[in-house]
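Have a look at the structure below before the remarks.
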Amino acid sequence: MSSSVKILHNPRCSKSRQTMQVIESKGVTPEIIEYLKAPPSYTELDEILELLDLEPRELMRTHEKPYKENGLDNPELSREQLITAMVANPILIERPIVIHAGRAKIGRPPESVLDIL
């Protein structure tokens with residue numbers, strides 16, 4: 001089971017670290033994806049959005065500098081344009097995201113990931 005749990009993780013983020021602790025407290029060693037160093041591809045991010053049942057803007061960190069600099073608040077931008085912007089600027093992706101058994105959950109609060117483990 002442990003090898004099938006993945007976390008899009010930012011070690012500098014307290015919620016991400018807390019979510020790791022929640023996962024590890026269940027005896028699970030997840031595959032850690034430091035998404036700022038190795039961002040998901042367009043296809044991977046599109047699949048994650050589907051698993052989360054979210055639209056791209058719902059997964060975006062709207063207070064980050066690239067959001068404002070790239071005019072991503074424009075309501076006319078398409079899903080494709082928003083996903084492309086998130087892949088190019090992974091800091092825009094809300095974190096942490098835990099993926100397991102065809103399901104995904106954002107670790108906010110960290111305990112919310114327990115229902116997919």
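As the structure is a prediction and not an experimental result, all values here were calculated from the model. Numbers for residues simply follow the sequence, beginning at 1.
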### Task
With the side chain counted from C-beta on, respond yes when N89 and L72 share a heavy-atom pair under 4.5 Å apart, and no when they do not.
no
### Side-chain touch R79/D46, heavy atoms, less than 4.5 angstrom
yes
#### Entry: Distance (rounded to the nearest 0.5 Å) between I48 CD1 and E50 CD
11.5 Å
### Task
Locate the shortest heavy-atom distance separating R95 from R108; write the atom from each residue and the value.
O-NE, 2.7 Å
### Message
If you compare all heavy atoms of D73 against all heavy atoms of R57, which two are closest, and at what distance to 0.1 Å?
### Response
CA-NH1, 3.7 Å
### Task
Kindly check if the number of other-residue, nucleotide or ligand heavy atoms within 6.0 Å of CG (D115) is above 12?
yes
### Task
Examine L52 and V87 and state if one hydrophobic cluster contains both, with Ile, Leu, Val, Met, Phe, Trp and Tyr joined whenever side-chain heavy atoms are less than 4.5 Å apart.
yes
### Message
I'd like to check E34 versus P11 (side-chain heavy atoms, cut-off strictly below 4.5 Å). Are they in contact?
### Response
yes
### Query
Do R103 side-chain atoms and L51 backbone N/O form a donor-acceptor pair below 3.5 Å?
no
### Query
Hey, any chance V98 and I33 share a hydrophobic cluster, counting ILVMFWY side chains that come within less than 4.5 Å of each other, even indirectly?
no
### Query
Does some side-chain heavy atom of L8 sit less than 4.5 Å from a side-chain heavy atom of I99?
yes
#### Entry: Spacing of CE belonging to M86 relative to CG belonging to N70, to within rounding of 0.5 Å
13.0 Å
### Task
Report yes or no: does K68 contribute a side-chain atom to a donor-acceptor pair with the main-chain N or O of H63 at less than 3.5 Å?
yes
### Task
Measure the spacing between CD1 of I7 and NZ of K105 and express it to the nearest 0.5 Å.
14.5 Å
### Query
With a 4.5 Å heavy-atom cut-off, do I91 and P66 have their side chains touching?
yes
### Query
When you look at K26 and V22, which way does the side chain to side chain contact (heavy atoms under 4.5 Å, CB included) test go after all the steps?
CA-CA 7 Å; K26 293 298 176 186; V22 167; 5.6 Å; no
#### Entry: Approximate separation, where rounding is to 0.5 Å, of H9 NE2 and E31 CD
13.0 Å
### Query
If you measure from CD on E44 to CD1 on I83, what distance do you get to the nearest 0.5 Å?
12.5 Å
### Query
Linking I/L/V/M/F/W/Y whenever their side-chain heavy atoms sit closer than 4.5 Å, directly or via other members, would M20 and L36 fall into one cluster?
no
### Query
Say you draw a straight line from OG of S25 to CG of L117; how long is it, rounded to the nearest 0.5 Å?
8.5 Å
### Task
Would you indicate whether the side-chain heavy atoms of L49 and L59 approach each other to under 4.5 Å?
yes
### Task
Give the C-alpha distance, both sets of side-chain angles, the deciding distance and a yes or no for side chain to side chain contact (heavy atoms under 4.5 Å, CB included) between H100 and V28.
CA-CA 11 Å; H100 175 63; V28 175; over 6 Å; no
### Task
Show your reasoning for whether side chain to side chain contact (heavy atoms under 4.5 Å, CB included) applies to E111 and Q18.
CA-CA 9 Å; E111 298 77 19; Q18 291 168 9; over 6 Å; no
### Query
Going by heavy atoms in the side chains, are L54 and I106 under 4.5 Å from each other?
yes
### Message
Side-chain heavy atoms nearer than 4.5 Å, only ILVMFWY residues, links allowed to pass through others: does that put V113 and Y35 together?
### Response
no
### Query
If you group Ile, Leu, Val, Met, Phe, Trp and Tyr by side-chain heavy-atom gaps below 4.5 Å, do L77 and Y42 land in one group?
yes
